[in-house]
Amino acid sequence: MQRRILRQIARYALAAVVIACAVGVTVLVPPFRETPTIFFFFGVLVTAWYGGRGPAMLAVVLSIAAINYFFIEPLYTFNFGVADLARAVGFVLVSAMVIWFAEMRRRTESTLREQAARLKEQAQVLNLSHVLISTIDGRITSWNEGAIRIYGWRKEEAEGRNSHELLKTEFPRALKQIQTELAKTGRWEGELARTRKNGTHVFVHTQWVLHRDHQSNELCILEINNDVTRQKQLEESFRIAEQRFSRFMRHLPGLAWIKDLDGRYVYVNAAAEKAFGKSRSELYGRTDDEIFPPETAIAFRENDRKAIAGESGIQTIEFLRHPDGDIRHSLVNKFPIVGADGAISLVGGMAIDITERIRAEEALRDAGRRKDEFLAILAHELRNPLAPIRTGIQVLRMPLIPDAEREQVHEMLERQMQHLVRLIDDLLDIARIREGKIHLRKERVSLDVVVQDAIDACRPHLQAGKQEFHWTLPDEQIWLHADGTRISQILLNLLNNAVKFTDPGGRITLNAKLEGDKLLAIRVKDNGIGIPREMLPRIFERFAQVDADDRRSRGGLGIGLNLARMLVEMHGGTIEAHSDGPGQGSEFLVRLPVAEVISKPAPAPGPMPLSATANGHAKRRILVVDDKKDIADSLGMMLSLLGHTVKTANDGPSAFDAACEFEPDVALLDIGMPGMSGLDLARKIREQPRLRQIVLVALTGWGDEADRQRSHEAGFDHHLVKPIRVAVLEELLASIKR
Ligand code: ADP
C-alpha cells in the first residue's frame with residue numbers, strides 16, 4: 001500500500017522534476033528561449049511515458065505556469081490575457097496528443113508484459129509442458145524450466161535465438177502452411193521432431209496460440225509442448241508387437257481367439273475365421289449364441305466359465321460342425337487373461353484340430369482288433385487240418401490196415417494238405433500283391449483250360465460237399481490274354497466259397513458268357529446261405545467275414561475274395577457280389593477282357609463226372625535231390641509208387657555223382673541247399689554233354705518272376721513251387737516228350 005503511495009508520489013514528483021529541468025534547460029540555452037514550448041512538450045512526453053496520465057497532466061499545468069512566468073513578457077509574473085489563454089489552450093491540445101500517444105504505448109507494453117507474465121504463470125502450472133514464447137518470426141522471448149529440462153539449452157542460450165534453427169525442428173508440413181493456419185484460426189496443433197542440445201531426438205506434441213493486441217496486431221506465439229518421445233516409442237514398439245502378434249497368429253495352424261467377459265469376440269485369427277465360416281467383422285462383438293447352434297454355444301460357454309474359474313485355465317476337447325458339414329474335434333486350451341488392474345478381463349482360447357488323430361486312433365484300434373481276430377481265426381484255421389492229419393498219420397502207423405482204408409486216409413491227408421497249402425498261398429499272395437511283388441505271367445490262354453483247371457482243383461471239395469454242380473461255357477472258343485494260373489485261382493476261390501457256404505444237396509453253377517465281343521462274364525452261383533445286404537459292399541475287403549456263428553464254423557480267413565478282387569483288377573477286370581440276403585444264395589460275377597473269340601462246335605455241357613481219371617503215363621528214371629532227407633525220400637517213394645524208377649540224393653556233389661551214374665530222364669532239384677545249391681548243380685549238369693538231355697525241374701519255396709528267371713538261366717527246364725501237388729508233377733512228367 002505504502003509502496004503504491006510512494007510510487008504515486010514519485011510519479012508526480014517526476015512531473016515536477018522534468019518540468020523544472022525543462023525550465024532550467026530553456027533558461028540556460030538562450031536560443032531555446034525563443035521557442036520555449038519545445039522542451040516543455042518533451043517534458044510532458046517523458047512524464048506521460050514514465051509517469052502516466054495524471055503526472056503528465058500535472059506537467060501540462062506546470063508547463064503552462066512556467067512558460068507564463070519565465071518566458072512571457074512581462075517576465076516573472078503570471079499574466080493571463082487573451083493571447084496567453086489562447087497559447088495555453090494550444091499547449092494543452094498538443095500536450096493532450098502527446099499524452100495520448102505515450103499512454104497508448106504504455107498500455108501496449110503493459111499488456112504485453114501482463115500477457116507474458118500470465119503465460120509464464122500458466123507455464124508453471126503446466127509442469128509437464130515446456131513453454132516457449134517467440135516472436136512471430138520464431139525468435140525465442142521466453143524459455144521456461146520445462147524447456148530447459150527437455151532441450152538442454154539454458155535460458156540465456158535460447159532466448160533471442162530462432163527456435164526452429166536452435167531445435168532443428170522438423171515440421172509435419174511446410175512452415176508456411178502452418179503459419180497461414182495459425183494466422184487464420186489463431187491456433188495450430190501437431191507433432192514436431194526436434195533435436196536436443198546433446199544431439200538426441202525428441203518428439204513433442206505442440207499447441208501454438210497466436211496472441212494479438214487490442215488492434216489485432218500479432219504479438220507473439222505461445223508454444224505449449226509436451227514431450228511424447230516415450231509415448232512415440234511405446235506406440236512404435238506396440239505397433240511392432242501388434243504386427244508380430246498378428247503375423248504369428250496368421251501362421252498359427254490352430255485356431256486362436258479372445259473374448260471379453262460377456263463372451264463377445266474381440267479377436268480371432270485367420271484359422272478361426274475359416275473354421276467358424278465367418279469374417280472378423282461378422283464375429284467381433286458377437287457371442288457364441290449368436291454364431292453357433294445352441295448346443296455348441298452352450299458347451300463353449302460352459303468351458304469359458306470353467307476357464308475363468310481356474311487360474312491356469314482348462315484343456316478340453318470341443319467339437320464343431322465346419323461350414324462344409326464336417327464335424328471336427330479340437331484339443332482346446334482356454335485361459336483367463338488378466339488386465340492391467342490384475343483382474344480377469346478377457347478369455348483366450350487356442351484349438352488344435354485333432355480330428356485326423358482321433359480317426360487314426362480309431363482306425364488303429366479297429367485294425368488292432370481285426371488283427372487279433374484274424375490271428376485267432378488263423379490259429380483256428382491252421383489247427384483244423386492238423387487234427388485230421390495227425391490222426392491220419394497214426395492210422396497209417398497201425399499194422400495191417402486194409403488197402404481201402406489206407407487209400408481213404410491218403411485221400412483225406414491229401415485234401416487237408418491242399419487246404420493248408422491254399423491257405424498259406426493265399427496269405428503270401430495277398431502280401432506280395434500289396435508289396436507289388438507279384439507280376440502276372442500273361443499269355444494267350446484258353447478259357448476252357450482255366451475253367452477246367454479250377455474245377456479239377458475244386459473236385460475234392462465238390463465231392464466232399466455233396467452239392468450238385470453244373471457249368472456252361474460259351475459256344476465260341478474264348479482266348480484271354482491272362483495269367484492262366486491266376487484266373488484259375490480266382491475261379492477256384494469262388495467255387496470253394498460256394499461249396500463252403502452251401503449245404504449238402506445244394507446247387508452250384510459256373511456260367512461263362514460273352515458280353516459283346518470284348519468282355520467275358522463268368523458267374524459262380526449257389527443257393528447257399530447267402531450274404532446280408534449290408535455286408536455286400538465290404539465283402540471284398542481284407543479279413544472281411546460275415547459275423548455269424550454258422551459262417552465261422554465253416555472256416556476261412558476272409559482273404560479269398562480280397563485276393564480274387566486284386567487279381568481280377570490286375571487283369572483289368574471287375575468282380576461283384578450279389579445276394580438277396582441270408583438264405584437266398586449268392587452270385588459272384590467276374591468280368592474279364594477277351595483277347596480273341598473263335599467259333600467252335602458246341603461242347604457238351606452237363607454235370608461233371610466226379611470220378612478220378614485214370615492215367616497211363618510213360619515211366620521215367622527220376623533223380624530226386626533235396627537236402628532234407630524226409631522230403632527227398634517221401635517224394636521218391638511217391639514217384640516209385642507211381643511206377644517210376646527213382647534215386648535220391650541229399651547234397652549237390654553226391655547228386656551230381658548220382659546223375660552221372662544213373663543218367664536219369666528227369667532230375668527234381670531242390671534249389672536252396674547248403675554248399676552246392678540247386679542252381680550250381682544244374683549248371684554243372686548242363687556242362688556235361690552226356691547229361692544234357694536230362695529234364696531239370698527246380699523245386700523251391702520261391703515262385704517270383706525273378707526266381708523263375710534265375711532257375712531258367714541256370715539251365716532248368718521247369719520251375720515248381722513247393723509243396724508240389726502230385727497231380728501237377730504227374731502232368732509235368734506226362735508232358736515230357738522223350
Ligand atoms: P473266407 O476265407 O472267410 O471264405 P472270403 O474272402 O473268401 O473269406 O469270403 C469272405 C466272406 O464272404 C466269407 O467269410 C463269407 O461270409 C462271405 N462269402 C463268400 N462267399 C460266399 C458265398 N458263396 N455264400 C455266402 N457267403 C459268402
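In each ligand, atom 1 is the first atom listed, and ligand 1 is the first ligand listed. Predicted model only: the values in this text are computed from it and were never measured.
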- Message: Within the 3.5 Å criterion, strictly below it, is a donor on Gln489 or Asp429 matched to an acceptor on the partner's side chain?
- Response: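 Gln489 vs Asp429: donor-acceptor pair found between side chains.
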Give a yes-or-no answer on whether the side chains of His470 and Glu468 include a donor-acceptor pair shorter than 3.5 Å.
-> yes
**Message:** Only heavy atoms of Ile531, strictly under 4.0 Å: list the atoms of ligand 1 that pass.
**Reply:**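 Taking each heavy atom of Ile531 in turn, ligand 1 has 25 (C), 26 (N), 27 (C) under 4.0 Å.
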For Lys500, the atoms of ligand 1 under 4.0 Å from one of its heavy atoms are 1 (P), 2 (O), 4 (O)
Heavy-atom pairs closer than 4.0 Å: do any link ligand 1 to the side chain of [X], the backbone, both, or neither?
X: Leu494; value: neither
X: Phe588; value: side chain
X: Leu561; value: both
X: Met535; value: neither

Quiz item: So which of Gly560, Ser586, Pro582 gets nearest to atom 24 (N) of ligand 1, if we judge by its closest heavy atom?
Solution: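 That would be Ser586.
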Within 6.0 Å of CZ in Arg390, more than 12 heavy atoms from elsewhere
no
Those residues at least two apart in sequence (or on a different chain) that pass ring-ring contact (aromatic ring centres under 6.0 Å, His included) with His718 are none
message: Any heavy-atom pair between the side chains of Leu514 and Ile478 that's under 4.5 Å?
response: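 Side chain of Ile478 against side chain of Leu514, heavy atoms only: contact under 4.5 Å found.
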